[in-house]
Amino acid sequence: MADQTTQTTQPTNMDLLRFATAGSVDDGKSTLIGRLLLDSKSIFADQLEAVEATSASKGYDYTDLALLTDGLRSEREQGITIDVAYRYFATPNRKFIIADTPGHVQYTRNMVTGASTADLGLVLVDARQGLTEQSRRHAVILSLLRVPHLVLAVNKMDLVDFSEEVYEKIHAEFTQFATKLNIPDLEVIPISALAGDNVVNRSENMSWYSGPTLMHHLEHVHVASDRDLVDVRFPVQYVVRPKSDEHHDYRGYGGMVAGGILKPGDEVVVLPSGMTSKIAGIDLFDREITEAFPPMSVTVRLEDDVDVSRGDMIARVKNAPVPSQDIDAMVCWMTTTPLKPRQKLAIKHTTRTARALVKDIQYRLDVNTLHRDQETKELGVNEIGRVQLRTTVPLLCDPYSQNRTTGSFILIDEATGITVGAGMINSAS
Amino acid sequence: MTTTHADYRLSQLDQLEAESIHIFREVAAEFEKPVLMFSGGKDSIVMLRLAEKAFYPAKIPFQLLQIDTGLDFPEVLETRDRWVNRLGVRIVVASIDDAIANGVVVDDGKTSRNRMQTATLLNAIEDNGFTALFGGGRRDEEKARAKERVYSHRDEFGQWDPKMQRPELWSLYNGRIHAGEHMRIFPISNWTELDVWDYIGREGIEIPSIYFSHQRRVFVRDGMLMSETPLNPTRDGEVVEERTVRFRTCGDITLTGCVESTASTIAEIIEEVSVATLTERGATRGDDRFSEAAMEDRKKEGYF
Ligand SMILES: Nc1nc2c(ncn2[C@@H]2O[C@H](COP(=O)(O)OP(=O)(O)O)[C@@H](O)[C@H]2O)c(=O)[nH]1
Ligand SMILES: [Mg+2]
């Protein structure tokens with residue numbers, strides 16, 4: 001059982017797990033999140049009372065925990081979750097950020113959004129229905145977004161008499177399907193979100209199940225090793241120049257470490273210029289530190305007065321991305337006007353913004369079947385496909401499979417300013 | 001010596017700090033005229049601290065903006081002045097009373113100061129040509145906020161359209177706006193109330209004294225303990241008495257209630273917050289209590 005003592009203060013080494021949830025409508029996602037918040041005592045009395053009152057006014061004879069999470073008025077009216085909502089709860093050693101995403105196919109883009117920052121993906125299925133086309137799609141998206149840990153929660157076990165066979169069948173079927181995907185870590189957990197079985201407390205109704213409860217797994221899954229600590233990548237975000245008497249000659253490069261470990265004295269190369277220098281010092285506010293690693297925001301000083309500006313990247317001399325203007329990527333299209341070859345868009349990659357031309361749309365990926373459709377030469381809203389882009393300036397990128405920060409980009413419509421696409425780089429040349 | 005991944009773990013508070021600093025730098029790099037909305041409350045003080053860190057040893061490269069309701073706690077204004085002086089930043093104060101005097105905002109005797117605050121703010125944005133406004137909103141505060149982006153677009157009327165929000169992926173923020181539009185930026189979106197307190201404690205930074213336990217003459221209105229002040233005359237049957245209290249939020253003195261508390265240190269406040277049974281807004285903010293969708297409605301109109 002997970003620790004349920006009310007925390008008084010957060011231990012200084014408390015860590016963070018970001019997870020995204022997905023499930024088809026009515027699989028019980030909102031109920032499950034409500035239960036996690038409730039059982040970890042992250043819900044306040046006034047929130048609970050408001051939900052109890054609303055449930056009563058709707059004539060329900062139980063408290064609809066889903067109301068805790070369905071925030072916008074239109075969602076409450078329609079009784080569905082249409083946008084990504086972020087939720088927070090903590091247990092004594094870990095804080096959790098949930099990206100609660102809608103399950104329906106017409107909201108694939110919302111799910112992609114939620115998954116983009118997730119360490120773990122939680123897919124819900126209704127035990128009575130087993131795996132559906134939707135659950136497969138959710139797993140495909142999480143795998144495309146390289147979410148390293150996946151949990152399949154088999155919900156509503158109370159409605160199938162807590163049957164081991166039902167669970168085993170879904171487990172086997174899903175494990176089989178998962179072999180086609182990139183899922184380094186998979187856990188399949190039988191639960192009842194409504195009654196609480198195996199959510200926080202071990203179920204007395206499923207003694208045949210010996211795996212962890214959902215909460216136990218969330219609390220203990222190891223995420224520190226998911227980051228790349230080998231390949232140094234430091235996109236320069238902001239040049240810090242005080243120009244004050246006290247710090248007259250100070251020139252530092254502010255940014256968030258995207259990969260590797262930076263240390264004073266390291267020989268580095270600045271891209272795209274290719275000039276080399278050494279790290280003179282790394283500052284974290286008014287302190288000099290000896291190492292910087294992802295995802296720290298620091299200020300790096302170089303020994304030589306090389307010309308460095310926003311959009312450049314600091315890497316190691318013998319381990320640096322090759323600046324490239326020809327990008328091959330998986331793109332999730334997010335707006336109703338389809339993406340077509342020859343289209344021009346703005347592209348934002350790390351701290352660099354450029355323009356991109358769509359050279360080719362190689363195929364559209366059917367996220368339900370993994371079939372590659374090479375006939376269609378365009379991508380509609382919520383569709384994912386393999387796209388070739390040519391950019392106006394070189395991007396300093398890595399394959400997404402290697403680094404989720406230097407391997408990702410967004411596409412922006414230059415007329416409306418709206419974010420219309422999300423890309424994951426396969427390769428660049 | 002071998003190093004393992006366990007040696008390279010960042011605590012959750014450090015991760016939140018790093019994310020917020022990243023946001024500040026991104027906005028400063030990409031927007032023409034950002035400004036930080038500074039209320040003097042704990043969330044805006046945490047924002048100011050993060051901005052200080054993001055650009056150190058340079059000064060914060062943008063101004064602060066405060067909407068003077070005329071109903072602010074004097075202790076909050078004192079703290080504000082000390083922060084502003086220490087950091088050497090410029091603060092633009094837009095006052096509701098001036099806006100009324102200039103005919104920009106109409107006081108019909110029925111509209112709450114809260115609504116007039118929104119009009120004053122939108123007017124100040126237009127007058128000063130601000131293109132990005134940092135706000136201290138947190139997603140854990142309220143259900144409508146839970147879905148708001150870090151970069152939250154506002155049209156030419158300052159309105160938020162919850163159905164037309166731009167997707168926000170990875171740490172790639174889209175700051176494109178058209179002339180006349182602006183972006184609200186929420187750098188502490190992912191912080192909880194407890195995180196804010198932990199951070200204030202860890203950083204040892206000054207917050208207004210009203211957050212700590214003190215003696216105050218108060219009366220009960222609508223189930224909340226309100227401050228005695230000439231700005232908020234008591235009504236029939238309301239009895240003023242001295243109690244030991246503190247405030248959980250700093251808002252309009254006529255609408256912000258206090259709670260009985262003996263918590264006089266950050267550690268004691270954290271203890272109190274973590275066992276609290278009411279959200280900070282539900283407990284003590286008259287302006288949020290009107291309806292279940294109160295915040296969503298005000299946000300759509302252009303509120304903070
Ligand atoms: N019997 C049972 N019903 C559940 C369970 N989880 C959710 N439900 C019910 O299933 C319905 C849909 O749940 P909801 O959380 O709104 O699903 P969502 O659409 O995935 O967010 C509601 O009536 C819930 O009360 C469960 O474990 N057992
Ligand atoms: Mg739901």
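- Salt bridge status for B:Arg248 with B:Glu193: present, with a side-chain N to carboxylate O gap under 4.0 Å.
- Remark: aromatic rings of B:Phe62 and B:Phe31 are distant, center separation not under 6.0 Å.
- Between chain B and the options A:Thr335, A:Thr353, A:Val112, A:Val298, heavy-atom pairs under 4.5 Å are most frequent for A:Val298.
- A:Ile97 touches chain B through its side chain: at least one heavy atom from C-beta onward sits under 4.5 Å away, while N, CA, C and O do not.
- Within 6.0 Å of NZ on B:Lys33 lie more than 12 heavy atoms contributed by other residues, nucleotides or ligands.
- Heavy atoms closer than 4.5 Å to chain A are found nowhere in B:His153, neither backbone nor side chain.
- Using a 4.5 Å cut-off between heavy atoms, B:Lys59 does not touch chain A at all.
- Comparing A:Asp286, A:Val257, A:Thr350, A:Thr405 by heavy-atom pairs within less than 4.5 Å of chain B, the highest count is held by A:Asp286.
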Problem - B:Ser20 vs B:Trp191, side-chain contact (heavy atoms from CB on, under 4.5 Å): CA-CA, chis, key distance, verdict - result: CA-CA 10 Å; B:Ser20 302; B:Trp191 297 51; 3.0 Å; yes
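- Interface summary for chain A: among B:Tyr173, B:Trp170, B:Tyr56, the most heavy-atom pairs under 4.5 angstrom belong to B:Trp170.
- Every residue meeting the salt bridge (charged side-chain N to carboxylate O under 4.0 Å, His left out) condition with A:Arg352, not counting sequence neighbours, appears here in chain and number order: A:Asp312.
- Interface residue A:Met296: backbone and side-chain heavy atoms are both found under 4.5 Å from chain B.
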Practice task
Run the numbers on A:Tyr88 and B:Asn190 for side-chain hydrogen bond (donor to acceptor under 3.5 Å, both in side chains), then give the verdict.
Solution key: CA-CA 8 Å; A:Tyr88 305 84; B:Asn190 286 328; 2.4 Å; yes
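- Ring pair B:Phe55/A:Tyr238: centre-to-centre distance below 6.0 Å.
- With a 4.5 Å cut-off on non-hydrogen atoms, A:Ile410 touches chain B through its backbone and its side chain both.
- Using a 4.5 Å cut-off between heavy atoms, A:Tyr250 touches chain B through its side chain atoms alone.
- Heavy-atom distances place both the backbone and the side chain of A:Ser408 under 4.5 Å from chain B.
- The part of B:Gln15 that comes within reach of chain A is its side chain, from C-beta onward, which places non-hydrogen atoms under 4.5 angstrom from that chain.
- Distance check, rounded to the nearest 0.5 Å: CD of B:Glu32 to NE2 of B:His182 gives 15.0 Å.
- The residues B:Arg138 and B:Asp195 are annotated as not salt-bridged, no charged nitrogen and carboxylate oxygen being separated by less than 4.0 angstrom.
- Contact of B:Arg166 with chain A is made through the side chain alone, with heavy-atom distances under 4.5 Å.
- Each of B:Glu19, B:Arg139, B:Arg176 has some count of heavy-atom pairs under 4.5 Å with chain A, and the biggest count is that of B:Arg139.
- At a threshold of 4.0 Å, the pair A:Asp15-A:Arg94 counts as salt-bridged, since one of the basic side-chain nitrogens sits closer than that to a carboxylate oxygen.
- The most heavy-atom pairs under 4.5 Å with chain B, out of A:Val420, A:Thr351, A:Thr416, come from A:Thr416.
- Counting heavy-atom pairs closer than 4.5 Å to chain B, the top residue among A:Leu284, A:Asp283, A:Val240 is A:Val240.
- Heavy atoms of A:Arg18 lying under 4.5 Å from chain B belong exclusively to its side chain.
- When B:Glu181, B:Glu168, B:Glu17, B:Met164 are compared by the number of non-hydrogen pairs under 4.5 Å with chain A, B:Glu168 comes out ahead.
- When each of A:Leu145, A:Val84, A:Ile141, A:Asn382 is tested with A:Met111 by the rule side-chain contact (heavy atoms from CB on, under 4.5 Å), just one qualifies, namely A:Ile141.
- Every residue two or more places apart in sequence or in another chain that forms a salt bridge (charged side-chain N to carboxylate O under 4.0 Å, His left out) with B:Arg86 is listed here: B:Glu52.
- Between chain A and the residues B:Pro57, B:Ala146, B:Ala18, the largest count of heavy-atom pairs under 4.5 Å involves B:Pro57.
- Side-chain atoms of A:Gln237 and B:Glu26 form a donor-acceptor pair, as typed in the model, at a separation below 3.5 Å.
- Only the backbone of B:Ser189 comes within less than 4.5 Å of a heavy atom in chain A; its side chain stays farther off.
- Note on A:Glu414, A:Arg310, A:Met256, A:Arg241: by heavy-atom pairs under 4.5 Å with chain B, the leading option is A:Arg310.
- Interface remark: A:Ala415 contributes backbone atoms only to the contact with chain B (heavy atom separation under 4.5 Å).
- Using a 4.5 Å cut-off between heavy atoms, B:Leu16 contacts chain A through its side chain alone, with no backbone atom that close.
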